[in-house]
2 protein chains.
Amino acid sequence: MEAHSLIKDAGLKLTPRRRAMIAHFSLSSGPLAPVELHERLKAEFPRCGLPGVYRNLEALADCGVLFRVAGFGRERRYALCSQPHHEEHHHHHIICISCGRVGQVEECLYQEGMMIDGFRLVGHLVQLRGVCAPCAVKESEGSG
Amino acid sequence: MEAHSLIKDAGLKLTPRRRAMIAHFSLSSGPLAPVELHERLKAEFPRCGLPGVYRNLEALADCGVLFRVAGFGRERRYALCSQPHHEEHHHHHIICISCGRVGQVEECLYQEGMMIDGFRLVGHLVQLRGVCAPCAVKESEGSG
DNA sequence: AACCTAAACAGAAAAAGTTTCTATTTAAGA
DNA sequence: TCTTAAATAGAAACTTTTTCTGTTTAGGTT
Ligand SMILES: [Mn+2]
Ligand SMILES: [Mn+2]
Ligand SMILES: [Zn+2]
Ligand SMILES: [Zn+2]
């Protein structure tokens, strides 16, 4: 389990709660909001409160198991990240608008230091949306 | 005033409140959060409430006078947009991390329909941070 | 297997952010 | 000037998020 070693390496504990959260993200089609995850956890953990969910989501995002998804308006959402977000491993994510599948985008078009419009680039936020291959197949089948 | 015609074209009214908001954005170095803007408006409009500020920020963003800045974590922030965000005029913004100056980035590296990591791209969110030319000069003067 | 300790936990509470509602006022066209 | 759709204030409700405190637990150590 990649996620488990990320947790350990960060000096965090691998609790039943966190295992379950990761499992829910694995099963889920698409990014989850705190309330949504809380809803799903309540079945297995009736005493689980929303504050704990927030705490764990942030902890898991900080250690690279999850990433914070942008582009859902004001909604806060997280999704599994299959590779840790280290400085040495810069990447972005593309999310399927149909099924929620997350793709790692290794190639980045924005390089720190490049000049853009007279500015020297020092940081960037990129969040992509698209249609994944399986969903593209379904699309063409549906209309064919 | 470009902003004023944008407001008119959207069928909105050009109220003193909105004039003042635009003026504050012009004067401000950097994007503003609703509470920050409210704080500044209270001097001139003592009876101005936060709900009205939210309403107007959204109205001005919808008609293209402002844009919603991403990349400030969970904070909601807006800034002046010097060109309307029409489909025909796609662009992004780069914000100076030193002074808050906003640059329009006309060239976009992500084209709808292009294939990325097996996904067909259908949308993207890009928010850039950088150092503007004047601030770069100041930087080099300071260390020289 | 029984400790030990830092971390995680639940739950309440507070704080912050945001939206909704209604009655009143106003911008701007006729 | 008259008319009307839009903007406004203010209260209230609502949602989201954080903080706090005391209790429990994971995981390493003995
Ligand atoms: Mn990732
Ligand atoms: Mn713009
Ligand atoms: Zn898909
Ligand atoms: Zn600058």
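A note on names: the letters A, B, ... follow the listed sequences, proteins ahead of strands, and every chain is numbered from 1. What you are looking at is a predicted structure, and each value in this text was computed from that prediction instead of being measured.
Pairs of residues two or more places apart, or lying in two chains, never qualify as salt bridge (charged side-chain N to carboxylate O under 4.0 Å, His left out) while including a residue from residues 92-104 of chain A. Applying the salt bridge (charged side-chain N to carboxylate O under 4.0 Å, His left out) test to pairs two or more places apart or on separate chains, those with a residue in residues 115-130 of chain A are A:Arg120-B:Glu139.
In this structure, A:Glu36 atom CD and D:dT15 atom P are separated by 15 Å, rounded to whole Å. What separates CG of A:Asn56 from C1' of D:dA26 is a distance of 13 Å, to the nearest Å. Nucleotide C:dT18 holds its P atom 11 Å from the CZ atom of B:Arg77, rounded to whole Å. To the nearest angstrom, P of C:dT18 lies 8 Å from CZ of B:Arg74. Note: CG (A:Leu37) to P (D:dT17) measures 13 Å, nearest angstrom. Atom pair B:Leu60:CG and D:dA6:P shows a separation of 16 Å (rounding to whole Å applied). The distance from atom CG of A:Leu50 to atom P of C:dA15 is 19 Å, rounded to the nearest whole Å. In this entry the distance linking CD1 of B:Ile22 with P of D:dA7 reads 13 Å, nearest Å.
Partners of B:Arg77 according to the side-chain hydrogen bond (donor to acceptor under 3.5 Å, both in side chains) rule, which considers only residues two or more places apart in sequence or in another chain, are B:Glu36, B:Glu75.
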A:His92 and B:His124: CA distance, side-chain angles, deciding distance, side chain to side chain donor-acceptor pair (under 3.5 Å) verdict: CA-CA 11 Å; A:His92 299 293; B:His124 61 283; over 6 Å; no
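In this structure, B:Leu14 and B:His4 have side chains that are in contact, with non-hydrogen atoms separated by less than 4.5 Å. No side-chain heavy atom of A:Leu128 sits less than 4.5 Å from a side-chain heavy atom of B:Phe119. By the 4.5 Å heavy-atom criterion applied to side chains, A:Val69 and A:Gln127 are counted as neighbours. The side-chain heavy atoms of A:Leu60 and A:Ile7, taken from C-beta on, include a pair separated by under 4.5 Å.
Of the listed nucleotides (C:dT18, D:dT17, C:dT19), D:dT17 has the atom at the smallest distance from the side chain of A:Tyr54.
The phosphate of C:dG17 (OP1 or OP2) has no side-chain N or O of B:Arg76 nearer than 4.0 angstrom.
For the pair A:Arg55 and A:Glu58, the salt-bridge criterion is not met [side-chain N within less than 4.0 Å of a carboxylate O].
Contacts with DNA chain C (heavy atom under 4.0 Å) in residues 38-47 of chain B: none are found.
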For DNA chain D, produce a single dot-bracket line, 5' to 3'. Pairs: Watson-Crick or G-U wobble, both distances under 3.5 Å. Symbols: ( ) within strand, [ ] crossing, | other strand, . unpaired. ||||||||||||||||||||||||||||||
Base, backbone or nothing for each nucleotide of nucleotides 23-30 of chain C, written B, S, -, heavy atoms under 4.0 angstrom, 5' to 3'? ---BBSS-
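In this structure, a donor-acceptor pair under 3.5 Å is absent between the side chains of B:Glu106 and B:His91.
Base engagement by A:Arg55 is indicated by at least one non-hydrogen atom pair under 4.0 Å involving a base atom.
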